[in-house]
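Beneath this line is the structure, given in structure tokens, with notes to follow.
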2 protein chains.
Amino acid sequence: MQQYYGGIIRRQQHLIRCLGGDRQRNTLLSVNTRMQSVMNPTLEADSLSILRSISPTLDSSKHKGQAGKIAVLGGCREYTGAPYFSAISALKIGADLSHVICTKDAAPVIKSYSPELIVHPLLEESYSVREEDRKSVSTLVLAEVDKWMERFDCLVIGPGLGRDPFLLDCVSDIMKHARQSNVPMVIDGDGLFLVTNRLDLVSGYPLAVLTPNVNEYKRLVQKVLNCEVNDQDGPQQLLSLASSIGGVTILRKGLSDYISDGKEVRSVSIFGSPRRCGGQGDILSGSVAVFLAWARKLVDKEGPTMSPTMLGCIAGSALMRKAASLAFEDKKRSTLTSDIIECLGRSLEDICPAR
Amino acid sequence: MQQYYGGIIRRQQHLIRCLGGDRQRNTLLSVNTRMQSVMNPTLEADSLSILRSISPTLDSSKHKGQAGKIAVLGGCREYTGAPYFSAISALKIGADLSHVICTKDAAPVIKSYSPELIVHPLLEESYSVREEDRKSVSTLVLAEVDKWMERFDCLVIGPGLGRDPFLLDCVSDIMKHARQSNVPMVIDGDGLFLVTNRLDLVSGYPLAVLTPNVNEYKRLVQKVLNCEVNDQDGPQQLLSLASSIGGVTILRKGLSDYISDGKEVRSVSIFGSPRRCGGQGDILSGSVAVFLAWARKLVDKEGPTMSPTMLGCIAGSALMRKAASLAFEDKKRSTLTSDIIECLGRSLEDICPAR
């Protein structure tokens, strides 16, 4: 992939040199977009139209909850920022309610970031549970989460989850129940670590979305396809990977995002930012969750065009990229994830005005 | 040094009286800068060019982590602001990930300042560990930090660390491991208290940077050179001090900052602010850490010109001074450290535009 990107970048740099002078800065991103669309004309999704088509109209007759209830499963003693970023992004995109289900240690901190979130201190890590109590604690955690399960339109599993074995066992049980209840799941971060070692948790579940970055994708390919990442034929390999996990949808993050549900592949190359500060993947997981929940309602009504998971990934990717590009325009090198979240609203309004 | 500065200031005051009227205020800083450059033409570093030359270009093909992963070792029951200032400054300058390793008490508070930081509640103070448990706790702390060590591009040791003997023993062990792994260290605040009493921790380590203020410098000179600070020949004494500690780099903070690695001395006198609110040293330590990490990659590639520690100190000092001057322009007497941090992005963009 390095080699492939290297080629793109060299050609970009040549083009930019040809353009010359003051316009260089402003044209870089749009050249980037156009070049990639030209290189892969059949793959590039019409992401802005898709985003517009699945976003619900705002209608004064609707009541709380109808625009989506999202829950993020993540947050432990070590990580608290990631679940916050994911959950607050879901709200800022238009979900009505956003929950975080985390460990008891993480809850007060995540609550302190924002009074907008509903934070459930339900999970436990090994260090806080005696060996002999694990079975009963695990049953209790599952029962508590089950009370809420039917109300969630989508789960995000993994932001700041950590890798504690007892906690991951509980999360595995929650995922089984979510699947039985047909609740869609967006899986990122430590959730991908779990799933890569427990493919049965998502295999064959069409409402599962995996959102791997470079390293997470590499581990998935090695585990599932038993080979290395093939940069020469990236889209085909992604299609095979999604198909091999029984038709889950995979959003492979990179210079362009590539998305496949094992039946088709689409890319999203618009906008973007060169800042790679940690936390951007969490915005994406929260965004995909909301759009997936919306797309699902639409597909239920209007019959299938593209799968709701594909639609959700395409819209989430496009919005995230637009917001990152707006934040970068303003904050440049000092852009942080919070700055990008602050641009979600303006990005949505640019792409899909509320009225 | 007091006497030396006294002379500079008297001459400045005379010049300003000659200039007269409304221009007085605006010219103060630039006169300051020019006077010092004139007085020490061979010492003043071309700090803005150095900052530009070591800052990486922002490139869409890069992925998370490549622009630097910094960790701040500090934060205890008493102090939580200092490690936050240092770690958030590193992020705002362009690092991709910024960690804080602190005591269990300090962690929830530091986490709550910002969801952007990854805060590890790993350290312990004497009051929370029984005498007989100290050995095992110390081993555990070291093992936990070691899991992360190889991922860090630079450690900042000392902001808000406190002076608990058991905690400082753990930090000494961590420093030994960092040194074995060739991880650069920027040492400030209570880290300098530790190092002044345990010179072996840094002696002969070319990737160590000490950033003493007036009092910390005085104690170092007394301890290492066994004499008092000599203001008549400040640069030469700084050179001797750095050389006597086996070629560590020392950034002596003051009206001008003086920097030496025992081979050469450079000053940074540009910009600046007359406000001396607490916390500015923490911005500096975080800044030096990022620039040092960047300079090291550059020096690895392009062969040595100046040592990466010298380059990192010069760039960090220049940026800190620029941000402080911008913040002071806006907030005047009421300027706080957070205001200066808010100006890091604009300062960078002025000196080294992102595109």
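Just so it is clear: chains get the letters A, B, ... in the order the sequence lines come, proteins before strands, and each one is counted from 1. No hydrogens, no waters, no symmetry mates; every other heavy atom, side chains included, goes into these values. On a predicted model such as this, the values are computed, not experimentally measured, just so you know.
Judged by the 6.0 Å and 45° rule, K322(B) forms a cation-pi pair with F271(B).
When each of T337(A), T80(A), L336(A) is checked for heavy-atom pairs under 4.5 Å with chain B, L336(A) comes out on top. Between chain A and the options L91(B), D96(B), L344(B), L122(B), heavy-atom pairs under 4.5 Å are most frequent for D96(B).
Contacts of I88(B) with chain A are made by side-chain atoms alone, with heavy-atom separations under 4.5 Å and no backbone atom involved. For I93(B), the part lying near chain A is the backbone, with the side chain staying farther off; criterion is any non-hydrogen pair under 4.5 Å.
Inspection of non-hydrogen atoms places P108(B), K111(B), S112(B), S114(B), P115(B), E116(B), I118(B), V119(B) of residues 106-119 of chain B under 4.5 Å from chain A.
T57(B) and D59(B) are not linked by any side-chain donor-acceptor pair at a separation below 3.5 angstrom, with hydrogens and angles left out of the test. In summary, the side chains of S287(B) and S89(B) do not present any donor paired with an acceptor at a separation below 3.5 Å, with no hydrogens or angles considered. Checked by atom type, the side-chain pair S86(A)/D282(A) shows no donor-acceptor distance below 3.5 Å. A donor-acceptor contact closer than 3.5 angstrom is absent between the side chains of E144(B) and H120(B).
In this structure, F291(B) and W294(B) have perpendicular ring planes: the angle between them is above 60°, well past the 30° mark. Classified by interplanar angle (parallel below 30°, tilted 30° to 60°, perpendicular above 60°), the ring pair H99(B)/F152(B) is perpendicular.
The 12-atom threshold is exceeded at CD of E132(B), counting heavy atoms of other residues, nucleotides or ligands nearer than 6.0 Å.
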